[in-house]
Amino acid sequence: QSSGIAEILLLNTNSTYSVKQNGNEVNTGTYKVTKTKSSYGGKVPGILFTNSRVTDSAAYFTLDNDSLFFSNDLIGTIGSGSRHYGRIK
């Protein structure tokens with residue numbers, strides 16, 4: 001079921017990001033790509049987001065072709081609370 005919110009995440013090459021919802025900018029800041037050790041001993045890619053309200057908020061992700069999946073789960077799986085973004089070409 002749709003939430004009615006169209007969200008766009010822009011990750012810029014200068015390590016800044018912005019989030020727009022229904023065309024309105026709702027969040028901006030900087031990011032850094034990292035690797036975190038999972039509970040199974042593997043490496044999970046993550047992004048540390050920093051903005052005026054939050055310092056180093058971690059999000060873990062997987063990439064699948066033109067899809068980016070964020071998960072709150074340290075093992076990098078897709079589950080509840082995950083977000084999906086498709087590449088806009």
Side-chain angles (χ1 to χ4, degrees):
Q1 183 175 0
S2 174
S3 66
I5 298 172
E7 186 169 273
I8 296 175
L9 169 66
L10 292 168
L11 297 172
N12 302 303
T13 57
N14 66 352
S15 297
T16 62
Y17 75 92
S18 65
V19 177
K20 291 183 180 182
Q21 292 180 342
N22 296 338
N24 297 312
E25 191 170 74
V26 296
N27 196 343
T28 63
T30 60
Y31 73 93
K32 177 182 175 183
V33 178
T34 65
K35 293 268 185 175
T36 301
K37 188 175 180 180
S38 75
S39 57
Y40 296 106
K43 296 283 186 166
V44 177
I47 297 179
L48 296 177
F49 292 100
T50 302
N51 59 41
S52 62
R53 297 171 299 190
V54 179
T55 301
D56 293 339
S57 172
Y60 305 96
F61 68 89
T62 56
L63 290 170
D64 182 15
N65 295 318
D66 287 335
S67 293
L68 173 64
F69 297 92
F70 282 109
S71 174
N72 295 326
D73 188 348
L74 267 178
I75 61 171
T77 60
I78 305 304
S80 65
S82 65
R83 286 185 178 246
H84 166 255
Y85 294 93
R87 183 188 309 255
I88 298 173
K89 295 179 182 183

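Worth knowing before you read on, the calculation uses all heavy atoms, side chains too, and leaves out hydrogens, waters and symmetry mates.
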Any side-chain to backbone donor/acceptor pair from Tyr31 onto Asn12? Under 3.5 Å, distance only.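 Judged by distance alone, yes, a pair lies under 3.5 Å.
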Examine distances only and state if a side-chain atom of Asp66 and a backbone atom of Arg87 form a donor-acceptor pair shorter than 3.5 Å.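 No; judged by distance alone, with no hydrogens or angles, the pair does not exist.
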Co-membership, hydrophobic cluster, residues Tyr17 and Val26, 4.5 Å side-chain: yes
Taking side chain to side chain contact (heavy atoms under 4.5 Å, CB included) as the test, write out the residues that go with Glu25, two or more places apart.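 For Glu25, the residues satisfying side chain to side chain contact (heavy atoms under 4.5 Å, CB included) (neighbours in sequence not counted) are Ser18, Lys20, Thr28.
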With side chains defined as the heavy atoms from C-beta onward, is the minimum distance between [X] and [Y] less than 4.5 Å?
{"X": "Glu7", "Y": "Val19", "answer": "yes"}
{"X": "Asn51", "Y": "Thr30", "answer": "no"}
{"X": "Leu63", "Y": "Phe69", "answer": "no"}

Interatomic distance, Leu68 atom CG to Leu11 atom CG [nearest 0.5 angstrom]: 7.0 Å
Atom CD1 in Ile47, atom OG in Ser15: separation rounded to 0.5 Å? 10.0 Å
Non-neighbouring partners of Arg53 that pass side chain to side chain donor-acceptor pair (under 3.5 Å), sequence neighbours left out: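 Arg53 satisfies side chain to side chain donor-acceptor pair (under 3.5 Å) with no residue once adjacent residues are dropped.
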For Leu9 and Tyr85, which heavy atoms make the closest approach, and how far apart are they? CB-CE2, 3.7 Å
